Amino acid sequence: MNIRTRFAPSPTGHVHIGNIRAAIYNWLFARHEGGKFLLRIEDTDRERSTPEAVKTVLDAMAWLGLNYDEPPVYQSTTTQTHLAAAERLLKAGHAYKEDKGGTGQGECIVFKMPGTDMAFHDEIKGELKKAAADMKDFVIVRSNGTPVFHLANVVDDIHMSVTHIIRGDDHIENTYRHVALFQALGAPVPKYAHLPMIVNAQGKPYSKRDGAAYVGDFKEKGFLAEALFNYLALLGWSPGGDREVMSRDEMAKLFTFDRVQSSAAQFDVQKLEWMNGVYMRSLPREELIAGARAAMEKQGVWNDAIAPDYFARVIETLGERIHFFTDVADQAGYFFSDEYPYDEKAVQKRLKKEGALDSLRELRERFAALSDFTAAATEQALRKLAEEKGTGAGALVHPVRVAVSGRGEGPSLFHMLEVLGKDRVLKRVDAALARFAA
RNA sequence: GCCCCCAUCGUCUAGAGGCCUAGGACGCUAGGUUCUCAUCCUAGUAACAUGGGUUCGAAUCCCGUUGGGGGCGCCA
């Protein structure tokens with residue numbers, strides 16, 4: 001059997017994480033089965049479905065690497081097949097016309113439910129059933145002549161030969177209608193897998209109010225696509241055992257419906273952040289550099305005068321302290337400008353301390369005497385002075401750090417000094433000395 | 001109101017009758033490494049909603065209860 005899954009978003013301008021997670025599961029399942037993953041844009045809502053909104057969907061797919069195997073199907077181009085299907089249903093007695101109130105002036109077409117109890121096997125939830133009395137006939141073509149979601153969705157799935165429908169479990173009730181439609185249209189009923197919802201701390205559907213909820217939000221915040229993909233895949237699915245950080249190929253290899261949770265999952269940004277850190281740390285140097293630079297350009301703080309070699313050394317020095325690309329500008333701006341702010345608390349604690357400025361002054365002279373300003377050299381000079389003064393190295397390290405960076409924390413001091421260079425270090429120490437002497 | 005779905009640490013989960021005095025991860029706490037921060041290492045914290053069954057034995061099977069969620073559109 002040729003497995004065919006599809007992601008069928010309605011372009012609204014945003015792609016919700018719940019939806020993209022459904023897309024991920026569709027993709028994973030198709031890849032696991034060696035089948036095809038398709039994309040259908042349900043752009044029949046002319047109001048919201050602008051070209052930009054469609055682009056948002058396509059961009060999100062591309063960013064996460066959710067490649068589809070056939071050109072996307074735009075629902076706005078398949079309306080005629082929906083209406084033709086409605087005609088067939090009418091002829092076969094599966095639907096009837098009605099004219100009680102509505103949006104248009106004509107008659108609408110109503111699909112007649114079979115009138116029997118219904119049941120279907122859900123790949124995740126198991127046997128699901130519904131009594132005939134609890135199901136009502138429903139409109140499939142509006143009185144203004146346009147097809148309703150249920151009809152369009154089913155007819156397109158038939159034409160696209162979709163074999164597995166993987167979607168949120170808020171669609172369970174719709175499934176009975178859809179199964180009836182497939183049957184009435186004489187088409188094979190696809191298999192269904194209903195995914196549990198992604199909820200917030202209150203157990204309600206996760207929304208924008210709960211924080212970043214759209215794919216674009218995460219991209220903007222600097223999360224890596226691979227990390228978001230991995231995290232989302234694990235939100236409701238587990239490969240079993242202790243495995244968590246995996247490549248998408250590994251996930252595809254391991255993905256099966258029987259390992260998908262049937263209860264809702266709460267979105268936990270902290271864990272996503274941790275996972276992002278794992279991916280961040282494993283990033284090749286070049287990618288880290290490119291990402292950091294791109295972030296700075298976006299933040300408007302990139303300067304073409306920054307030499308590639310210097311930038312590379314800054315990134316190297318910052319190393320694992322970079323959790324997000326934006327951290328470079330946000331936490332290490334002093335590498336790129338002499339106009340850095342002094343953290344008041346750090347100044348109080350390290351520079352306004354008894355004897356701190358005197359020590360700093362002495363250290364400045366030692367540094368000035370250094371012929372080569374390597375990390376090893378500054379470290380040796382600093383430790384020697386500390387020893388002579390009978391203080392711990394920290395009593396000298398901290399004041400210098402605050403003086404040259406304005407911050408109480410940061411990368412290894414000696415490497416930082418080496419990257420900054422002798423001239424700048426001395427100049428900054430002098431400036432700090434003058435500024436905080438009073 | 002009616003119908004449907006769901007229920008293991010705060011969170012994501014492992015567990016498919018004995019391997020469970022319930023494992024891992026995130027978080028949190030305490031240590032260690034270190035010039036700070038970050039990383040890393042170690043330890044600790046904390047759960048089978050509840051009541052009945054079934055069984056020699058139940059987190060695992062069945063039923064009820066409670067709680068949470070979803071659906072009842074000429075929206076998608």
Side-chain angles (χ1 to χ4, degrees), chain A residues 8-12 42 44-45 48-49 75 98-104 106-110 122 124-126 128-131 133-136 138-150 152-153 168-176 194 196-199 201-205 231 234-245 258-259 261-275 277-278 280-281 318-323 327 331 346 349-350 379 382-383 386 392-402 405 407-416:
Chain A
S10 161
T12 60
E42 305 209 330
T44 49
D45 183 339
R48 293 184 296 175
S49 301
Q75 195 163 66
E98 199 171 78
D99 65 353
K100 56 162 191 202
T103 51
E107 294 178 303
C108 65
I109 300 177
V110 180
D122 187 275
I124 294 169
K125 311 255 183 190
L128 262 27
K129 53 186 190 306
K130 191 111 175 156
D134 297 319
M135 295 179 286
K136 293 187 296 188
F138 58 97
V139 174
I140 50 177
V141 177
R142 299 185 187 85
S143 46
N144 67 7
T146 58
V148 168
F149 162 73
H150 304 294
N153 197 264
D169 66 10
D170 49 336
H171 276 292
I172 287 182
E173 305 291 331
N174 289 334
T175 301
Y176 297 99
H194 286 98
M197 306 262 90
I198 292 179
V199 302
Q202 288 70 242
K204 305 279 186 191
Y231 176 73
L234 253 29
L235 201 56
W237 169 75
S238 160
D242 300 338
R243 311 207 44 192
E244 290 202 315
V245 178
D258 61 338
R259 302 210 62 94
Q261 205 75 7
S262 52
S263 54
Q266 195 173 312
F267 190 81
D268 180 8
V269 209
Q270 285 190 310
K271 185 147 188 179
L272 203 213
E273 284 172 352
W274 163 77
M275 189 166 274
V278 172
M280 206 67 173
R281 270 169 246 130
L318 254 19
E320 300 185 324
R321 269 157 285 254
I322 305 173
H323 292 172
D327 289 346
Q331 292 168 27
K349 189 173 175 192
R350 291 5 295 209
E379 175 160 15
L382 185 145
R383 288 194 189 283
L396 291 171
V397 167
H398 300 306
V400 194
R401 175 188 301 288
V402 177
S405 75
R407 299 184 142 256
E409 85 299 315
S412 153
L413 178 75
F414 306 109
H415 289 97
M416 185 168 113

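Reminder, nothing fancy here: chain letters follow the sequence lines and each chain counts from 1. The basis for the numbers below is simple: all heavy atoms, side chains too, and nothing from hydrogens, waters or symmetry mates. Keep in mind that what you see is a predicted model, and the values were worked out from it rather than measured.
- Going from atom CZ of A:R350 over to atom C1' of B:rU36 covers 7 Å, rounded to whole Å.
- In this structure, the CG atom of A:N144 is 14 Å from the C1' atom of B:rG73, given to the nearest Å.
- OP1 or OP2 of B:rG73 sits under 4.0 Å from a side-chain N or O of A:K136.
- Here the nucleotide nearest the side chain of A:E244, chosen from B:rC4, B:rU36, B:rC12, is B:rC12.
- Minimum atom distance to the side chain of A:E320 is reached by B:rA38, of the listed B:rA38, B:rG70, B:rG69.
- Side-chain contact check for A:R142 and A:T146: at least one donor-acceptor pair (N or O, by modelled atom type) lies under 3.5 Å.
- Taking 4.0 angstrom as the limit, A:R259 places a side-chain polar atom (N or O) nearer than this to OP1 or OP2 of B:rG15.
- The interatomic distance linking A:D242 (CG) with B:rU13 (P) rounds to 15 Å, in whole Å.
- Side-chain proximity of A:K271 to the nucleotides B:rA25, B:rC40, B:rA76 is greatest for B:rA25.
- Rounded to whole Å, the separation between the P atoms of B:rU66 and B:rG44 comes to 40 Å.
- Nucleic acid contact for A:L413: base, since at least one base atom lies under 4.0 Å from a heavy atom of the residue.
- Contact between the side-chain N/O atoms of A:R243 and the OP1/OP2 oxygens of B:rC12 is not found at any separation under 4.0 Å.
- A donor-acceptor contact shorter than 3.5 Å is absent between the side chain of A:R350 and the backbone of A:G408.
- Separating the C1' atom of B:rC48 from that of B:rC3 is a span of 29 Å, rounded to the nearest Å.
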Yes or no on side-chain contact (heavy atoms from CB on, under 4.5 Å) for A:D170 and A:M197, after CA distance, side-chain angles and deciding distance? CA-CA 8 Å; A:D170 49 336; A:M197 306 262 90; 3.4 Å; yes

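- When distances are taken from the side chain of A:D170 to each of B:rU39, B:rA76, B:rG70, the shortest belongs to B:rG70.
- Nearest nucleotide to the A:N174 side chain, out of B:rA25, B:rA76, B:rC35: B:rA76.
- Remark on RNA chain B: of its neighbouring residues A:G394 and A:E98, the 5'-side contact belongs to A:G394, judged by nearest-heavy-atom nucleotide.
- Straight-line distance between the C1' atoms of B:rU54 and B:rG17: roughly 11 Å, to the nearest whole Å.
- Rounded to whole angstrom, the span from the NE2 atom of A:H415 across to the C1' atom of B:rA38 amounts to 15 Å.
- A distance of about 16 Å separates the P atoms of B:rA38 and B:rC26, rounded to the whole Å.
- Along RNA chain B, the nucleotide nearest to A:I124 and the one nearest to A:E173 differ in position, and the one closer to the 5' end is contacted by A:I124.
- Residue contacts for A:H323: at a heavy-atom cut-off of 4.0 Å it reaches the sugar-phosphate backbone alone, with no base atom in range.
- Within 4.0 Å (heavy atoms only), A:G277 reaches no atom of the nucleic acid at all.
- Residue A:A265 is classed as a sugar-phosphate contact, given heavy-atom separations below 4.0 Å to backbone atoms only.
- The OH-C1' distance, from A:Y231 to B:rA25, rounds to 11 Å in whole Å.
- Using P as the reference atom, B:rU60 and B:rU21 are 15 Å apart when rounded to the nearest Å.
- The main-chain N or O of A:D268 is found under 3.5 Å from a side-chain atom of A:Y231 such that the two form a donor-acceptor pair.
- The base-pairing partner of B:rG1, taking Watson-Crick or G-U wobble contacts with both distances under 3.5 Å, is B:rC72.
- Nucleic acid contact class of A:F414 (heavy atoms, under 4.0 Å, all strands): base.
- Summarising the base pairing, B:rG27 is matched to B:rU45 through a Watson-Crick or G-U wobble pair whose two defining distances lie under 3.5 Å.
- Here A:T146 lies out of heavy-atom contact (under 4.0 Å) with every strand.
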Derivation of the side-chain contact (heavy atoms from CB on, under 4.5 Å) call for A:I172 and A:L128: CA-CA 9 Å; A:I172 287 182; A:L128 262 27; 4.2 Å; yes

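- Between B:rC35 and A:R383, a contact under 4.0 Å exists linking OP1 or OP2 to a side-chain N or O.
- Here B:rA38 sits opposite no nucleotide as a Watson-Crick or G-U wobble pair (both hydrogen-bonding atom distances under 3.5 Å).
- For A:Q75, no side-chain nitrogen or oxygen approaches OP1 or OP2 of B:rA76 to under 4.0 Å.
- Although no hydrogens or angles enter the test, the distance criterion places no donor-acceptor pair under 3.5 Å between the side chain of A:R259 and the main chain of A:W237.
- Between A:Q331 atom CD and B:rC37 atom C1' there is a gap of 9 Å when expressed in whole angstrom units.
- Rounded to whole Å, the P atom of B:rU11 lies 38 Å from the corresponding atom of B:rU34.
- Between A:H171 and A:F149, the shortest heavy-atom distance links the atoms CE1-CZ, 3.8 Å.
- Minimum atom distance to the side chain of A:R321 is reached by B:rU36, of the listed B:rC26, B:rC4, B:rU36.
- Annotation: B:rU50 and B:rC9 have their P atoms spaced 10 Å apart (nearest Å).
- Distances from the side chain of A:L235 to the nucleotides B:rG70, B:rA76, B:rC12 place B:rC12 closest.
- Within 6.0 Å of atom NE2 in A:H323, more than 12 heavy atoms from other residues, nucleotides or ligands are found, so the atom counts as buried in its surroundings.
- OP1 or OP2 of B:rG69 sits under 4.0 Å from a side-chain N or O of A:K204.
- Taking 3.5 Å as the limit, the base of B:rG10 and the side chain of A:Q266 contain no donor-acceptor pair of atoms between them.
- To the nearest whole angstrom, the two P atoms, one in B:rG24 and one in B:rG73, are 49 Å apart.
- Summarising the geometry, the separation between CZ on A:F149 and C1' on B:rG71 is reported as 13 Å, rounded to the nearest angstrom.
- Looking at heavy-atom distances under 4.0 Å, A:R407 makes no contact with the nucleic acid at all.
- Residue-level contact check: A:Q261 touches the backbone only, with heavy atoms under 4.0 Å from sugar-phosphate atoms and none from bases.
- Nearest to the side chain of A:P205, among B:rA76, B:rC4, B:rG70, sits B:rG70.
- Among the atoms of the strands shown, none is found under 4.0 Å from any heavy atom of A:P196.
- When the nucleotides B:rC5, B:rA76, B:rC6 are ranked by their closest atom to the side chain of A:S262, B:rC6 comes out on top.
- Here the side chain of A:E409 is nearest to one of B:rC75, B:rG24, B:rU36, namely B:rU36.
- Residue A:G203 is classed as a sugar-phosphate contact, given heavy-atom separations below 4.0 Å to backbone atoms only.
- Residues A:L413 and A:L382 form a side-chain contact, since some pair of their non-hydrogen atoms from C-beta on lies under 4.5 Å apart.
- Side chain of A:R401 to main chain of A:S412: no donor-acceptor pair is present (N/O by atom type, distance under 3.5 Å, no hydrogens or angles).
- Rounded to an integer number of Å, the gap from NZ of A:K125 to P of B:rC4 is 14 Å.
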